[in-house]
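Just so it is clear: chains get the letters A, B, ... in the order the sequence lines come, proteins before strands, and each one is counted from 1. All values reported here derive from a predicted model rather than from experimental measurement.
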Amino acid sequence: MAYWLFKSEPATWSWDQQVAKGVAGEIWNGVRNHQAKNFMQAMKKGDRGFFYHSQTERAVVGIVEVTKEAEPDPTAEPDSPWECVTVKAIQPVASPVTLKMIKDVPELAEMVLVKNSRLSVQPVEPDEWKLVCKMAGVKP
DNA sequence: GCCAACGTTGGC
DNA sequence: GCCAACGTTGGC
């Protein structure tokens, strides 16, 4: 199983809204970046991801699971290359892991979140996943 | 094919 | 609100 990080501006799409969708989940639409799209195409059903709030909060606030693999983005122009997966909320974190906390941990210095903060969908290494889960107070 | 200009994102 | 980083666009 692979691990990922989904970044969202809480004003646009928040963790609470994701939770409200329940087991049905919600399509992760609106991504208009090829790197991010490629990562979504690599995702498999059952993969796990962090739900990260950018801008005002800058913290990992929940855990999601990929429930449907990449399909054309219904919010994109017809025949455009954009795709998206569907994710559902699994559980909130016991305590949010802020960007500052991540930056303070040397083992997490190589996270894409630190290296390329603008990428909205990112891969997470298994070791990084375990450590951030520990910091968040959730089971990996 | 290069590069300057511009728009967008996100941290601070 | 500002600015740095990055991606995209368009002129040449």
Side-chain angles (χ1 to χ4, degrees):
Chain A
M1 156 157 44
Y3 302 103
W4 312 93
L5 184 144
F6 296 86
K7 187 160 50 188
S8 184
E9 299 177 33
T12 305
W13 182 251
S14 69
W15 172 250
D16 286 344
Q17 287 173 288
Q18 183 70 53
V19 169
K21 290 289 177 178
V23 295
E26 178 72 356
I27 198 160
W28 200 263
N29 60 38
V31 171
R32 295 294 179 270
N33 172 283
H34 291 285
Q35 259 188 297
K37 181 206 67 175
N38 290 342
F39 288 131
M40 286 199 287
Q41 287 179 325
M43 292 179 189
K44 300 291 183 194
K45 193 173 175 179
D47 281 357
R48 294 278 169 117
F50 292 126
F51 191 109
Y52 176 87
H53 273 167
S54 69
Q55 307 215 334
T56 54
E57 285 186 58
R58 276 162 280 134
V60 171
V61 293
I63 309 292
V64 293
E65 180 178 311
V66 176
T67 57
K68 198 172 178 188
E69 295 177 11
E71 61 187 318
D73 186 341
T75 68
E77 298 271 314
D79 300 323
S80 69
W82 306 116
E83 300 197 0
C84 37
V85 295
T86 299
V87 299
K88 71 172 179 186
I90 295 292
Q91 62 171 336
V93 296
S95 56
V97 179
T98 64
L99 181 62
K100 184 174 184 310
M101 289 162 66
I102 288 172
K103 285 187 167 177
D104 282 344
V105 177
E107 290 89 339
L108 298 177
E110 295 299 314
M111 276 190 79
V112 182
L113 189 66
V114 177
K115 290 271 177 177
N116 183 3
S117 63
R118 293 192 49 180
L119 189 59
S120 62
V121 177
Q122 321 174 349
V124 173
E125 295 299 319
D127 287 349
E128 296 167 347
W129 179 266
K130 282 182 203 156
L131 189 47
V132 175
C133 280
K134 192 178 170 190
M135 292 163 70
V138 297
K139 289 184 180 174

K.L.:
A:Glu26: which residues meet the salt bridge (charged side-chain N to carboxylate O under 4.0 Å, His left out) condition with it, sequence neighbours left out?
P.N.:
A:Lys21
K.L.:
What parts of residues 6-15 of chain A reach DNA chain B, counting only heavy atoms under 4.0 Å away?
P.N.:
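Correct list: A:Lys7, A:Glu9.
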K.L.:
With a 4.5 Å cut-off on side-chain heavy atoms, are A:Phe50 and A:Trp129 touching?
P.N.:
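Side-chain contact under 4.5 Å: yes.
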K.L.:
Considering non-hydrogen atoms only, spot the tightest contact between A:Val93 and A:Val138 and give its length.
P.N.:
CA-CG1, 3.7 Å
K.L.:
Could you work out the complete set of other residues in the hydrophobic cluster of A:Val64, with links drawn between I, L, V, M, F, W and Y side chains under 4.5 Å apart?
P.N.:
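A:Val64 shares its hydrophobic cluster with A:Trp4, A:Phe6, A:Trp13, A:Trp15, A:Val19, A:Trp28, A:Val31, A:Phe39, A:Met40, A:Met43, A:Phe51, A:Val61, A:Val66, A:Val85, A:Val87, A:Val112, A:Leu119, A:Val121.
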K.L.:
Got a sec, which residues hit salt bridge (charged side-chain N to carboxylate O under 4.0 Å, His left out) with A:Arg58, two or more places apart in sequence or on another chain?
P.N.:
none
K.L.:
Please answer whether the main-chain N or O of A:Leu113 pairs with a side-chain N or O of A:Gln122 as donor and acceptor at a distance below 3.5 Å.
P.N.:
yes
K.L.:
What residues in residues 102-122 of chain A put a non-hydrogen atom under 4.0 Å from any atom of DNA chain B?
P.N.:
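When residues 102-122 of chain A is checked for heavy atoms under 4.0 Å from DNA chain B, the hits, listed by number, are A:Lys103, A:Ser117, A:Arg118.
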K.L.:
How would you list all residue pairs meeting ring pair (Phe, Tyr, Trp, His ring centres under 6.0 Å) that involve residues 100-119 of chain A, not counting sequence neighbours?
P.N.:
none
K.L.:
Output all residues satisfying salt bridge (charged side-chain N to carboxylate O under 4.0 Å, His left out) with A:Glu71, sequence neighbours left out; order by chain, then residue number.
P.N.:
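For A:Glu71, the residues satisfying salt bridge (charged side-chain N to carboxylate O under 4.0 Å, His left out) (neighbours in sequence not counted) are A:Lys68.
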K.L.:
Over the length of the helix from B:dG1-C:dC12 to B:dC12-C:dG1, how much do the five-pair end axes diverge, rounded to 10 degrees?
P.N.:
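One end axis against the other gives 10°.
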K.L.:
May I ask you to say what A:Glu57 touches in the nucleic acid, namely base, sugar-phosphate or nothing, with a heavy-atom cut-off under 4.0 Å?
P.N.:
nothing
K.L.:
Taking 5' to 3' order, which nucleotide of DNA chain C is first and which is last to have an atom within less than 4.0 Å of a heavy atom in chain A?
P.N.:
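On DNA chain C, the outermost contacted nucleotides are C:dA5 to C:dT8.
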K.L.:
Enumerate the ring pair (Phe, Tyr, Trp, His ring centres under 6.0 Å) contacts for residues 69-100 of chain A, please, sequence neighbours excluded, ordered by first and then second residue.
P.N.:
A:His34-A:Trp82
K.L.:
With clusters built from Ile, Leu, Val, Met, Phe, Trp and Tyr whose side-chain heavy atoms come within less than 4.5 Å, directly or transitively, what are the remaining members of the cluster of A:Ile27, listed by chain and number?
P.N.:
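Its cluster mates, by chain and number: none.
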K.L.:
Looking at A:Lys37 and A:Asp73, does any basic side-chain N land under 4.0 Å from a carboxylate oxygen?
P.N.:
no
K.L.:
So, using salt bridge (charged side-chain N to carboxylate O under 4.0 Å, His left out) as the criterion, who are the partners of A:Glu110 when residues are at least two apart?
P.N.:
A:Lys115
